[in-house]
Amino acid sequence: MGNLLILFTAFLCICLFVALHYVLYEYLWVPHRVQFIMNSQGIRGPPYEFIHGNNKEALQMRKEASSKPMALTHDIFPRVMPHDYSCIKKYGKNYLSWNGVRAQLVITDPELVKEVLKTSEKAFSKPKPSYFFKKLLGDSISTIKSEKWGARHRKLANHAFHGESLKNMIPAMIASVGTMLEKWKDKEGKEMEVFQEFRFLTSEMISRTAFGSSYLEGEKIFDIKFWKSADEIESDKLEKTIHDSVMKIIKQREEKVMTGEVDSCGHDFLGLLVNVYHDSDEKNRFLIQDIVDECKTFYFAGQETTNSLLAWITLLLAIHTDWQDKARAEVTMIVNETLRLYPPLNGVVRKAVRDVQLGELALPNYLDLNIRFIALHHDPAVWGDDVHLFKPERFAEGIAKATNNNAAAFMPFGLEPRSCVGMSFAITETKIALSMILQRYTFTLSPTYVHAPLPNLSLKPQHGLHLLFHSLH
């Protein structure tokens with residue numbers, strides 16, 4: 001008995017020693033080493049705080065910023081990312097920050113951003129997705145880290161969202177906008193919260209283009225998913241429900257082909273995926289779970305992006321009513337200027353998978369690189385002193401001219417070769433919706449609107465977007 005007690009005590013001491021060694025190494029030695037390496041190269045930032053890094057300070061600054069009323073200004077960077085804004089002013093365009101124990105090199109220098117995003121993922125990879133995000137999207141193009149497997153998904157997505165495939169989706173988009181505008185007839189001259197209206201619109205657009213004639217069933221599937229917050233979702237149960245529902249639609253299509261009712265599985269997004277599922281070359285086939293995951297990504301990314309973009313465009317046009325007439329001819333300029341002022345994503349994170357050289361900086365392999373699109377889009381050094389003004393004419397001669405040929409200064413959908421494959425789809429949706437709205441209505445900002453952009457996965461109006469619509473006829 002005495003020997004067992006001695007052995008247990010010795011084992012416990014060893015465990016405590018290993019745990020203490022781990023804590024000291026991970027939470028003290030590594031952070032201070034990274035800080036020393038980066039400081040020696042002129043990269044500074046707020047000091048590392050034990051365990052929580054800079055998170056406590058950043059959270060407090062966000063709370064303070066969101067608690068204060070905001071003027072109707074497009075200078076949103078200090079509001080949505082006050083900690084980043086403060087650090088850039090204090091430490092420069094590139095600085096070292098701490099997400100807990102994890103070191104982050106925040107980059108807002110366009111040349112370094114371009115180098116990171118154009119470099120092979122063998123050097124800078126996507127970070128591991130969170131548990132909830134993994135459940136939300138599965139192994140889709142947004143989360144896949146494998147270069148080879150991700151390339152297959154990207155090739156299919158590029159085919160789905162470009163050229164003839166995208167052209168075939170336009171009638172479904174027009175039909176969705178037409179349905180929305182019919183509902184608006186009873187709301188003319190009344191206040192309307194358009195952010196929710198656009199949420200329903202983009203959901204129907206995606207349902208029609210993804211599931212074709214089965215769009216009502218597809219819409220029901222994803223209504224379960226996207227109208228709930230993360231806290232309400234029972235991940236495993238929901239995942240099975242969506243999987244079974246998509247399988248039901250797939251089987252219905254396969255049965256129609258087998259009975260000769262139709263000659264293919266269809267040319268909508270789901271049809272393209274099903275055709276790959278039945279590819280004669282086994283190496284090119286998708287699994288059923290691949291199909292489900294890509295449908296989830298299409299819904300999540302497409303719905304959020306276009307919904308926010310349409311909302312911010314109508315806000316800007318409601319403020320600058322003189323541009324509503326111009327918009328019928330200058331819609332591309334207006335879309336680009338909106339994406340500059342209110343980008344769909346605040347930024348992206350990449351992880352240095354090995355010791356790597358970035359410009360003149362030598363980066364250790366345990367460093368994350370955080371690229372802040374919103375800082376680049378609101379940088380007066382790139383855009384001039386009128387950077388916070390709504391001036392679509394800055395894009396009159398194209399993006400290259402507007403950015404002085406600096407590709408990384410404007411990238412609302414990322415940067416080639418890994419820009420968002422759904423970009424053309426989102427822009428097409430937006431242009432169709434905007435042109436159809438402007439053919440029927442003029443609109444102004446409601447007196448009840450409160451300007452308070454809310455940073456999330458995409459930039460949203462915190463209190464909705466209240467506008468007054470008036471018929472042109």
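Small disclaimer: the values here were computed from a predicted structure and weren't measured.
Closest of all the heavy-atom pairs between C295 and L270 is SG-CD1, 3.9 Å. The minimum heavy-atom distance between L465 and A311, with the atom names listed, is CD2-O, 2.9 Å.
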Worksheet item: Passes side chain to side chain contact (heavy atoms under 4.5 Å, CB included), H451 versus L315? Steps please.
Response: CA-CA 10 Å; H451 193 52; L315 167 73; 3.9 Å; yes
- Message: side chain to side chain contact (heavy atoms under 4.5 Å, CB included), that's the test. Do Y48 and V101 meet it? Break it down for me.
- Response: CA-CA 8 Å; Y48 167 74; V101 72; 3.8 Å; yes
Given the rule in the salt bridge (Lys or Arg N to Asp or Glu O under 4.0 Å) test, do K93 and D379 qualify, once you have shown the distances and angles that lead to the verdict?
CA-CA 10 Å; K93 287 183 178 292; D379 187 352; 2.3 Å; yes
### Test log, rule side chain to side chain contact (heavy atoms under 4.5 Å, CB included), inputs F195 and N307
CA-CA 7 Å; F195 187 73; N307 183 20; 3.5 Å; yes
Legend entry - Worked verdict on R199 versus E304 for side chain to side chain contact (heavy atoms under 4.5 Å, CB included): CA-CA 8 Å; R199 170 169 282 177; E304 287 290 320; 4.2 Å; yes
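Side-chain contact check for P364 versus M38: some heavy-atom pair is nearer than 4.5 Å. Side-chain contact between R62 and P82 is present, with heavy atoms from C-beta onward closer than 4.5 Å. Residues W98 and P46 are not in side-chain contact: their nearest non-hydrogen atoms beyond the backbone lie 4.5 Å or more apart. For the pair M423 and T305, the minimum side-chain heavy-atom distance is 4.5 Å or more. Considering only heavy atoms from C-beta on, F413 stays 4.5 Å or farther from L345 through its side chain. Looking only at side-chain heavy atoms (C-beta outward), I43 and I37 stay at 4.5 Å or farther from each other. Contact annotation: the side chain of F198 never approaches that of S308 to less than 4.5 Å [non-hydrogen atoms, C-beta and beyond]. H466 places none of its side-chain heavy atoms less than 4.5 Å from the side chain of V450.
Between the side chain of E397 and the backbone N or O of A402, no donor-acceptor pair lies under 3.5 Å. For the pair S66 (side chain) and K63 (backbone), a donor-acceptor distance under 3.5 Å is present. Formation of a donor-acceptor pair under 3.5 Å by the Q41 side chain with backbone atoms of A362 is found in this model. Side chain of N54 to backbone of P47: a donor-acceptor contact under 3.5 angstrom is found. Listed for the N99 side chain is no donor-acceptor partner under 3.5 Å among the backbone atoms of R102. Remark: the backbone N or O of E111 is paired with a side-chain donor or acceptor of D109 at under 3.5 angstrom.
Between D368 and K351 no salt bridge is recorded (no basic side-chain N to carboxylate O distance below 4.0 Å). Using a cutoff of 4.0 Å between basic side-chain nitrogens and carboxylate oxygens, E64 and K68 are not scored as salt-bridged.
To the nearest 0.5 angstrom, N370 atom CG is 11.5 Å from N94 atom CG. I250 contributes atom CD1, which lies 8.5 Å from atom CZ of F211 (distance to the nearest 0.5 angstrom). With values rounded to the nearest 0.5 angstrom, C87 atom SG is found 10.5 Å from R372 atom CZ. For the atom pair CG of N55 and CD of E49, the computed distance is 11.0 Å after rounding to the nearest 0.5 Å. Considering CD1 of I206 and OG of S176, their distance stands at 10.0 Å, rounded to 0.5 Å. Once rounded to the nearest 0.5 Å, the distance linking CD1 of I170 with CD of E429 reads 11.0 Å.
Partner L369 forms a side-chain contact (heavy atoms from CB on, under 4.5 Å) with one of I107, V348, L117 and no other, that one being I107. When each of D84, I88, I371, I374 is tested with T108 by the rule side-chain contact (heavy atoms from CB on, under 4.5 Å), just one qualifies, namely I88.
Here H320 and F390 bring their ring centres to under 6.0 angstrom of each other. In this structure, F410 has its ring center closer than 6.0 angstrom to the ring center of F395.
By the ring-ring contact (aromatic ring centres under 6.0 Å, His included) test, Y85 pairs with F77, sequence neighbours left out.
Residues H463 and Y449 bring no donor and acceptor atom of their side chains to less than 3.5 Å of each other.
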Atom pairs and distances, donor-acceptor, side-chain atoms in residues 334-341, under 3.5 Å, two or more places apart:
residue : atom : partner : partner atom : Å
E337    : OE1  : R340    : NE           : 2.9
E337    : OE1  : R394    : NE           : 3.2
E337    : OE2  : R340    : NH2          : 3.0
E337    : OE2  : K391    : N            : 2.8
E337    : OE2  : R394    : NE           : 3.0
T338    : OG1  : I334    : O            : 2.8
R340    : NH1  : H377    : O            : 3.0
R340    : NH1  : V387    : O            : 2.9
R340    : NH2  : V387    : O            : 2.8
R340    : NH2  : L389    : O            : 3.3

